[in-house]
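To start, the structure itself, in structure tokens.
Not measured: the values here are computed from a predicted model. Below, chains carry the letters A, B, ... as their sequence lines are ordered, and counting in each starts from 1.
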4 protein chains.
Amino acid sequence: MEQENIGRKEREKLFKRAEILSAAEELFFHKGFTATTLDDIAVKAEFGKGTIYNYFANKEEIYLSIVEDFIHKFIEIVNEADKESESFKEFIAAYISRLYCFCHDNRVGYTLYVREFSDINIDTVIHDKCAYFDRYPQMFQPFKNRFDKAQKEGIITDRFDIESIVVFVQHSIFSNLYISINGRRRGDFDCRHEAELAVEFILNGILKK
Amino acid sequence: MEQENIGRKEREKLFKRAEILSAAEELFFHKGFTATTLDDIAVKAEFGKGTIYNYFANKEEIYLSIVEDFIHKFIEIVNEADKESESFKEFIAAYISRLYCFCHDNRVGYTLYVREFSDINIDTVIHDKCAYFDRYPQMFQPFKNRFDKAQKEGIITDRFDIESIVVFVQHSIFSNLYISINGRRRGDFDCRHEAELAVEFILNGILKK
Amino acid sequence: MEQENIGRKEREKLFKRAEILSAAEELFFHKGFTATTLDDIAVKAEFGKGTIYNYFANKEEIYLSIVEDFIHKFIEIVNEADKESESFKEFIAAYISRLYCFCHDNRVGYTLYVREFSDINIDTVIHDKCAYFDRYPQMFQPFKNRFDKAQKEGIITDRFDIESIVVFVQHSIFSNLYISINGRRRGDFDCRHEAELAVEFILNGILKK
Amino acid sequence: MEQENIGRKEREKLFKRAEILSAAEELFFHKGFTATTLDDIAVKAEFGKGTIYNYFANKEEIYLSIVEDFIHKFIEIVNEADKESESFKEFIAAYISRLYCFCHDNRVGYTLYVREFSDINIDTVIHDKCAYFDRYPQMFQPFKNRFDKAQKEGIITDRFDIESIVVFVQHSIFSNLYISINGRRRGDFDCRHEAELAVEFILNGILKK
DNA sequence: AATGAATGAGGTTTCATTCAT
DNA sequence: TATGAATGAAACCTCATTCAT
């Protein structure tokens with residue numbers, strides 16, 4: 001009985017936290033970090049301004065929580081793609097198609113993540129905190145391993161080192177995904193088609209054989 | 001005589017304007033738009049704060065002027081590459097190598113341009129103003145023409161429409177260039193080598209033939 | 001039976017009240033009134049924040065209760081010294097030595113009392129409420145009587161009125177005691193020695209006879 | 001001509017600074033540090049709130065400036081008393097009478113100084129900054145030297161060390177002066193009379209010889 | 001009686017922009 | 001034309017107090 005009570009409170013707390021995050025996400029997405037005020041968030045979340053501070057230490061922490069969420073999900077995707085595919089080609093295809101579909105459904109989270117992660121946006125502060133870079137290995141190791149193996153097996157070019165290739169590929173994917181999702185033609189966005197293009201581009205380049 | 005006077009004044013005015021832009025560029029690059037104050041700019045440019053307003057209507061216009069400058073130069077590069085190359089391959093190689101070298105030497109301007117142009121940075125406000133998108137045709141038309149022709153000649157894949165391909169390629173190049181220039185391994189940046197990688201990647205993909 | 005019950009409850013209530021006061025005392029002492037938050041107090045007292053309000057109307061009342069406690073004890077000291085001493089000299093000696101020892105053991109309470117009573121600290125609000133000054137007679141009357149008598153008996157100077165002398169003496173004692181207890185040399189604090197110095201200073205001045 | 005111009009601006013700046021300090025002084029005196037808001041100060045000084053920040057980095061710095069001013073003047077007083085008196089008795093009398101008169105005329109500055117300096121008030125923050133204690137020697141050295149010499153010459157008691165005596169005397173004087181100036185009988189305050197009482201008390205104690 | 005989530009008034013500080021000199 | 005003092009809106013954040021459970 002008591003346990004049940006604790007459970008409910010806990011659940012309520014999490015629920016409200018999620019409400020706040022959801023409101024903030026939307027605002028950050030449309031107005032950016034600096035331009036979004038705590039008042040905005042409070043109003044949209046339908047809480048008092050002070051209440052927000054019972055759930056997050058400050059504005060930045062709200063932003064970070066959103067990005068953090070995305071990272072967790074991203075890691076899952078990479079691992080799933082890794083597990084469920086045999087060959088290098090299959091892995092690339094699996095990874096890209098999963099990523100494209102997932103990000104299509106989680107446009108806002110993905111966008112905020114990229115803004116932070118891209119080194120392009122200076123608006124938020126996380127930048128200075130290296131905490132982030134600690135996640136890199138977890139995020140990209142499976143990816144690297146696959147490329148490493150593929151290079152050793154002679155499947156992919158050996159004219160450049162693995163680090164360069166992974167970086168190039170990863171950024172091509174991310175930036176194009178970003179554009180597809182947020183760009184001016186986003187209305188047309190078709191997961192499958194875009195993923196296909198990306199896979200083909202990555203695997204075969206644009207020149208006909 | 002009077003004309004001569006005006007000429008000197010005009011020249012002085014332009015010179016001072018450039019001084020301000022130069023100071024601002026540096027600051028925007030390191031601190032971002034929001035975090036850079038007009039005081040910062042005034043101090044660095046060694047002008048009074050009020051003086052800045054004799055040259056620019058407001059802080060935003062300063063940022064825009066910098067980006068505008070980059071766009072002019074970018075257009076030149078595209079046109080030059082277009083003029084001086086015969087085949088599609090040559091064009092791609094010429095465009096990429098010119099772009100990489102130019103941006104390497106103009107890291108700051110390029111970075112600010114990308115921040116603005118990428119749709120990733122929401123820190124500045126230009127976003128809302130479509131003025132920018134008017135420059136797209138001028139910037140990318142030659143590029144599009146080349147791809148169009150190449151597709152018609154059967155040189156590049158016809159599995160996707162030209163718009164998609166150009167966007168994908170352009171963003172791959174831009175995002176990778178950005179990372180090369182600003183990323184954590186930037187110390188190693190070697191124009192030629194990076195350009196080579198990009199060219200190869202664009203033209204042949206990563207899979208061995 | 002019911003009475004007995006009430007008795008226990010009453011006792012429990014007083015006990016909890018004391019717990020709160022004790023926690024608050026420590027905090028007020030170290031951080032001052034303004035800087036001490038109700039959260040601080042609740043955490044330290046190990047009660048819910050709301051619970052505090054079942055025992056005290058507001059933050060200020062907590063502070064006042066502490067000071068009030070000190071006043072009660074102070075009055076006892078004055079009265080004891082009065083009862084147990086014959087001559088004026090004995091009284092001064094008894095009063096000072098008791099006061100010094102007591103305050104040495106009740107550093108926190110004494111300090112809070114002085115902060116409030118001294119008119120020096122404006123941090124708290126009690127100032128406006130004259131309630132305090134009502135206690136003055138009770139606190140200092142025995143003292144005054146002794147000085148009055150001593151002056152009439154020609155033991156102490158008659159060049160100044162009693163009020164002036166009492167004020168001067170009392171403040172000399174209090175301020176020096178405060179410094180001794182809280183000052184930077186407090187480690188060395190030796191009740192007896194400090195009391196001796198005070199007694200001698202009060203009774204004979206610093207000039208050799 | 002140019003020099004004259006600079007002079008005027010400089011003078012104006014100092015004048016305005018003084019205006020702000022004067023307004024702040026009054027407010028700090030009546031309401032204390034915490035309770036005085038920057039709005040209060042701005043309104044009273046008849047400046048915009050932001051203007052205050054062109055003269056002082058923050059609220060604390062305003063307070064410190066006031067106290068600093070007092071310290072300068074206090075040092076002057078000690079030195080003057082030192083120069084213009086021969087014997088120990090003369091020095092004490094000169095010091096006390098000067099101090100009493102000066103503080104009577106500068107009640108507010110003195111009060112704020114004591115609040116900060118007394119270790120009683122925790123409201124302000126200076127406390128933490130040891131910067132203050134650096135001024136001690138400059139402030140009290142002449143005083144110490146006089147007492148030292150007097151003790152060696154056998155004029156004052158040798159039953160206690162100089163440090164103890166100086167501390168006791170200094171605090172007696174300061175606290176009584178404070179009370180005289182700010183206490184409830186302050187209306188009656190008569191510089192000369194109060195100073196006389198203090199001198200007599202310090203030099204001869206309260207017991208008749 | 002005990003709790004602590006919710007509240008929002010109120011505080012300090014920043015900074016783009018104006019304008020009198 | 002050049003200046004920089006003045007401005008005040010607006011931002012973030014704190015915390016005493018209330019109140020539903």
Side-chain angles (χ1 to χ4, degrees), chain A residues 5 8-9 12-13 16-17 20 33-43 45-62, chain B residues 9 12-13 16 33-43 45-62, chain C residues 9 12-13 16 33-43 45-62, chain D residues 5 8-9 12-13 16-17 20 33-43 45-62:
Chain A
N5 237 339
R8 184 178 54 74
K9 277 200 176 174
E12 264 179 16
K13 178 138 191 164
K16 285 174 188 169
R17 199 188 122 102
I20 294 168
F33 180 77
T34 302
T36 298
T37 73
L38 261 159
D39 257 308
D40 289 339
I41 298 174
V43 167
E46 290 176 280
F47 281 110
K49 201 181 352 180
T51 308
I52 309 288
Y53 285 88
N54 289 336
Y55 291 85
F56 300 92
N58 50 41
K59 191 175 153 187
E60 204 172 281
E61 207 187 275
I62 301 176
Chain B
K9 280 196 179 173
E12 266 179 14
K13 178 142 188 163
K16 286 176 188 171
F33 180 77
T34 303
T36 298
T37 70
L38 260 163
D39 256 306
D40 289 338
I41 298 174
V43 166
E46 292 175 277
F47 281 108
K49 200 176 1 176
T51 309
I52 309 284
Y53 283 86
N54 289 334
Y55 292 86
F56 301 92
N58 51 38
K59 190 177 156 186
E60 204 170 281
E61 208 188 276
I62 300 176
Chain C
K9 281 195 178 171
E12 266 178 13
K13 178 141 188 162
K16 286 176 187 169
F33 181 77
T34 302
T36 298
T37 71
L38 260 164
D39 256 307
D40 289 338
I41 298 174
V43 167
E46 290 175 280
F47 280 108
K49 201 179 356 178
T51 309
I52 309 284
Y53 282 86
N54 289 334
Y55 292 86
F56 301 93
N58 50 40
K59 191 177 156 187
E60 204 171 282
E61 208 188 275
I62 301 175
Chain D
N5 236 339
R8 183 177 55 74
K9 276 199 178 176
E12 263 179 16
K13 179 139 191 162
K16 285 175 189 170
R17 199 187 121 103
I20 294 169
F33 180 78
T34 302
T36 298
T37 73
L38 261 157
D39 257 307
D40 290 338
I41 298 174
V43 167
E46 289 176 281
F47 281 109
K49 200 179 354 180
T51 308
I52 309 288
Y53 284 87
N54 289 336
Y55 292 85
F56 301 92
N58 50 40
K59 193 175 152 187
E60 203 170 283
E61 209 187 275
I62 301 177

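One atom, CZ of D:F56, and another, P of E:dT14, lie 15 Å apart when rounded to the nearest Å. The interatomic distance linking A:I20 (CD1) with E:dA6 (C1') rounds to 11 Å, in whole Å. For B:F47 and F:dT1, the CZ to P distance is 13 Å, given to the nearest whole Å. Computed from coordinates, the A:E46 CD to E:dG8 P distance equals 13 Å when rounded to whole Å. Atom pair D:R17:CZ and F:dA5:P shows a separation of 14 Å (rounding to whole Å applied). Protein atom CD1 of D:I41 is 12 Å distant from nucleotide atom C1' of E:dG11, rounded to whole Å. Rounded to a whole Å, the CG atom of D:D40 is 13 Å from the C1' atom of E:dT12.
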How would you summarise protein contacts on nucleotides 13-21 of chain F per nucleotide, using B for base, S for sugar-phosphate only and - for none, with heavy-atom distances below 4.0 Å?
BBSSBB---
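Here the NZ atom belonging to D:K13 is positioned 9.5 Å from the CZ atom belonging to D:R17, to the nearest 0.5 angstrom. Note: D:T36 OG1 to D:I41 CD1 = 6.5 Å, rounded to the nearest 0.5 Å.
Stem analysis of DNA chain E (at least three stacked-register Watson-Crick or G-U pairs, each with both distances under 3.5 Å) gives E:2-21 with F:2-21.
Residue C:L38 comes nearest to C:K59 through the heavy atom pair CD1-CB, 4.4 Å, listed as atom of the first residue, atom of the second, then distance.
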Could you list the donor-acceptor pairs under 3.5 angstrom formed between side-chain atoms of residues 45-58 of chain A and any protein atom two or more places apart in sequence or on another chain?
| residue | atom | partner | partner atom | Å |
| --- | --- | --- | --- | --- |
| A:T51 | OG1 | A:G48 | O | 3.4 |
| A:N58 | OD1 | A:E60 | N | 3.3 |
| A:N58 | OD1 | A:E61 | N | 3.0 |

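OP1 and OP2 of F:dA5 both lie 4.0 Å or more from every side-chain N or O belonging to D:K9. For E:dG4, the OP1/OP2 oxygens have no side-chain nitrogen or oxygen of A:K13 closer than 4.0 Å.
Projected onto DNA chain F by closest heavy-atom contact, D:I52 and B:Y55 fall at different nucleotides, the more 5' of which corresponds to B:Y55.
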